[in-house]
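Since this is a predicted model, take the numbers as computed values, not measurements. Letters A, B, ... mirror the listed sequences (proteins, then strands); counts begin at 1.
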Number of protein chains: 4
Amino acid sequence: MAIGRAERQQAVSDHKRGLILEAAREVFTAEGLEGASLRAIALRAGYTPAALYFHFASKEAIYAEVLQGSLASLRRHVDEAVAGALGAEAKLRAAAVAFFHFYAENPRDLDLGFYLFRGGMKPKGLGRERDEALNGFLEAALRPIADAAMELGAPRPEAELLMVDTFAHATGLLLLLHTGRIRMFGASAPERMQAYVDECIGRLVQEQG
Amino acid sequence: MAIGRAERQQAVSDHKRGLILEAAREVFTAEGLEGASLRAIALRAGYTPAALYFHFASKEAIYAEVLQGSLASLRRHVDEAVAGALGAEAKLRAAAVAFFHFYAENPRDLDLGFYLFRGGMKPKGLGRERDEALNGFLEAALRPIADAAMELGAPRPEAELLMVDTFAHATGLLLLLHTGRIRMFGASAPERMQAYVDECIGRLVQEQG
Amino acid sequence: MAIGRAERQQAVSDHKRGLILEAAREVFTAEGLEGASLRAIALRAGYTPAALYFHFASKEAIYAEVLQGSLASLRRHVDEAVAGALGAEAKLRAAAVAFFHFYAENPRDLDLGFYLFRGGMKPKGLGRERDEALNGFLEAALRPIADAAMELGAPRPEAELLMVDTFAHATGLLLLLHTGRIRMFGASAPERMQAYVDECIGRLVQEQG
Amino acid sequence: MAIGRAERQQAVSDHKRGLILEAAREVFTAEGLEGASLRAIALRAGYTPAALYFHFASKEAIYAEVLQGSLASLRRHVDEAVAGALGAEAKLRAAAVAFFHFYAENPRDLDLGFYLFRGGMKPKGLGRERDEALNGFLEAALRPIADAAMELGAPRPEAELLMVDTFAHATGLLLLLHTGRIRMFGASAPERMQAYVDECIGRLVQEQG
DNA sequence: TATGAATGAGTATTCATTCAT
DNA sequence: TATGAATGAATACTCATTCAT
């Protein structure tokens, strides 16, 4: 079945966008967020800086799309972990640990998230629409935690709080991990995460049992 | 009693330093850490950029002093809270909540701390000496938590882990708070902090009792 | 015959480069080498400083090209003089005098060369490649002296020493000339150069004869 | 015999000037001419930059005095060499070689001389008076060459030209030496200087003999 | 005589962005 | 769609010098 010219052009255009985003990811990973200039991204993508403006409105827009990809990856990572787990307890554990693990292994993705959700961004942030989309991705990545908690018998509000708490705890540990602060106290981030999850599950089971 | 010329000059000099640091704080607050330029700080302080170099060796030195002041405030805040609490349990609660509260009320101080602890700084940070001093301040602000836990009967290693966990949890919640993420989930950061501390204390008491 | 777009663009680009280099020459001439700032060059060329970075990688790169042009001129000057001379003796005389004459007439070109050959340049100079190229130009400009000496019967090693000696003598005289020191002693630089060359030729002829 | 207050003050002042000049020399030697800032000189001398302005009118004035000292050293060096030589021929040789040797061993002194006698200096140079003084020193350092030539029988005008020629030749060789250019041609500066002097003496002796 | 404080002009280079082609 | 060229604002920092004290 033949495709029209418009579709073909669209496909080509999408492909190019993808290549630029990939280049951006690489630059972020290699140089960190501060060191990632538009120029560097363009160069790595085989373009002139000016050319990127045909594909993205601004440097910040590129950041935003890279973040979107990052969050999509996170979500996939969590979903796969949950899918491979048997039983509600295992699922909760898997989801929480997968979330932690993703950022523990990919420090730059953590940077990305911080930078964008903070004031790092231009005046008005990313625009409402994109902001909501990003929030959706993030929530979707965390949702399995609440789901599993409900499966374990927690009422919805409590399950959601547990989700938020786990998010917070993981985030805090990740920060301590990536800044070397946790080493300073002689602790291990993954162990602390495990312990926290055990705590939560123990509490849940006890409450419901 | 009259004071000598040297003392007076020293006092004047210190005062000016203080004004510059205050200006720096303001600029950091207004523009964010990345956007804070020496020029901006100088301008706000009513100086030429070059003039700052008489009072501080570099931009990083200014930052270091501002951060040091912030951490000193934090520590004071925690110490005062602990001093006003009766009983080990109350002390633990007071210390943890005071830590959280300080940064909840002063979001920019959180920024200040992050920036140092991330790679934002020049290769080797601010120099070993200052770095260690800053770490010392931070640890001192957290230490009361471990102390109280030990008073409640926890062995030292466990007490230190509790301190780290509390630090992480508070940090995570603060991040969620300041990035608006916690609102998105319909939760309240102070409440979650309270709940976490209750949890910890409950566990401790049960274990020891 | 029509020329392509690419060629035309290249030609335009080359022309602009040339204008910038010309401006740079002028600034070097007017302000001296030390005082020549990128800003000044850009201004004289009718550009913003940043614009120069599109055409040249750095200030040193500009300097390198200006110097290269200078040495190329020198070489051309010498070659033409030699080409117009009949007989080995005349050639030697022509080459030596042309070398001297070029720098006597273009004092700033002498500056240009000195600056490179002193420590004025960044640690490693202009990069090995360019450095060798420049040395090549210089040697090529002096080579005709040795060649002529050999034609007059001098063995190669002796001819090369004569070349070096002539280079040194000319350089010394030029320095005295441009610093006004020679006037102080009531002598004339061109005359001294002539006399030196006569001396050399006399010696050579006597030896071989 | 008691000295007056004025004399004592003068002596103290002179001593301080001397210390500053010594510091300046050291900085020049260590950092080169470009790297020698007033600040650096003041620091090494144990003063504040501002303090130097009580002893010298400007940075350039310091340069000038250091140069004066350098030329005085040169003269002393040459005089001593000549004083130790027996016979006119030996004296000529000694004077020429001593001149060369002084600058071969003290490259920074050569820098100093160049910088000051060129346009490196502020608009109007050093002022007539100082300029003449410096010229006097230089001439005095070279004079023994002419004197010896006259002792060998050369008429004064010829002797003076020989002095100038030797000055030029030495200067040229020194430049080639300190810029590494002479190595590029596989020659040795001291050897070439010796050869040049031999040449001159040979010629003189032959003419007069 | 000396200092501490301050200035204003200066440095090369980088950045995201724009626009004619 | 892409480029080459250009901009203007920004960066931290250094310099010689001045001046009140």
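One atom, OH of B:Tyr63, and another, C1' of F:dA12, lie 17 Å apart when rounded to the nearest Å. C:Ile62 places its CD1 atom 14 Å from the C1' atom of E:dT11, with the value rounded to the nearest Å. At whole-Å resolution of the value, OH in A:Tyr53 and C1' in F:dG4 are 16 Å apart. One atom, CD of C:Gln10, and another, P of F:dT3, lie 16 Å apart when rounded to the nearest Å. The distance from atom CZ of B:Arg39 to atom P of F:dT14 is 16 Å, rounded to the nearest whole Å. Whole-Å rounding puts the D:Leu52 CG to E:dG4 C1' distance at 15 Å. Going from atom CG of D:Asp14 over to atom C1' of E:dT1 covers 15 Å, rounded to whole Å. Residue B:Lys59 contributes atom NZ, which lies 14 Å from atom P of F:dT14 at whole-angstrom precision.
C:His55 has no side-chain polar atom (N or O) that falls below the 4.0 Å cut-off from OP1 or OP2 of F:dG4. Between C:Lys16 and the phosphate of F:dA6, there is a side-chain N or O to OP1/OP2 separation shorter than 4.0 Å. Close to F:dA10, at under 4.0 Å from its OP1 or OP2, lies no side-chain N or O of B:Ser37. Side-chain nitrogen and oxygen atoms of A:Tyr47 include none within less than 4.0 Å of the OP1 or OP2 phosphate oxygen of F:dT3.
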Practice task
Check the pair C:Leu112, C:Arg108 against side-chain contact (heavy atoms from CB on, under 4.5 Å), reporting the backbone distance first and the verdict last.
Solution key: CA-CA 6 Å; C:Leu112 234 37; C:Arg108 290 301 184 172; over 6 Å; no

Exercise for the section: Show your reasoning for whether side-chain contact (heavy atoms from CB on, under 4.5 Å) applies to C:Phe28 and C:Asp111. Expected result: CA-CA 9 Å; C:Phe28 287 144; C:Asp111 278 20; over 6 Å; no

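One distance of note links CG of B:Leu38 with CD1 of B:Ile62; it measures 5.0 Å at 0.5 Å rounding. Here the straight-line distance linking atom CD of C:Glu22 with atom CG of C:Leu19 works out to 8.0 Å at 0.5 Å rounding.
Within residues 18-31 of chain A, no residue has a heavy atom under 4.0 Å from DNA chain E.
Of the N and O atoms on the side chains of D:Lys59 and D:Tyr63, at least one donor lies less than 3.5 Å from an acceptor on the other residue.
The nucleotide whose nearest atom lies closest to any side-chain atom of C:Ser58 is, among E:dT13, F:dA2, E:dA6, E:dT13. When each of E:dT1, F:dT18, F:dT1 is scored by its nearest atom to the side-chain atoms of A:Ser13, the top-ranked nucleotide is F:dT1.
Each of A:Thr48 and B:Gly35 has a nearest nucleotide on DNA chain F; the 5'-most of these lies closest to A:Thr48. Residue-to-nucleotide proximity on DNA chain F shows that, of D:Leu38 and B:Gln9, the 5′-proximal contact is made by D:Leu38. Remark on DNA chain E: of its neighbouring residues D:Pro49 and C:Ala57, the 5'-side contact belongs to D:Pro49, judged by nearest-heavy-atom nucleotide.
Looking at heavy atoms from C-beta onward, C:Lys16 lies in side-chain contact with C:Tyr47 at the 4.5 angstrom threshold. At least one side-chain heavy atom of B:Arg25 sits less than 4.5 Å from a side-chain heavy atom of B:Asp109.
Within the shown strands, E:dG4 is the pairing partner of F:dC19 under the Watson-Crick or G-U definition, both distances less than 3.5 Å. As the counterpart of F:dT14, E:dA9 is assigned, both hydrogen-bonding distances of the Watson-Crick or G-U wobble pattern falling under 3.5 Å.
Of all non-hydrogen atoms in B:Ala45 and B:Ala23, the two that sit nearest each other are CB-CB, 3.6 Å.
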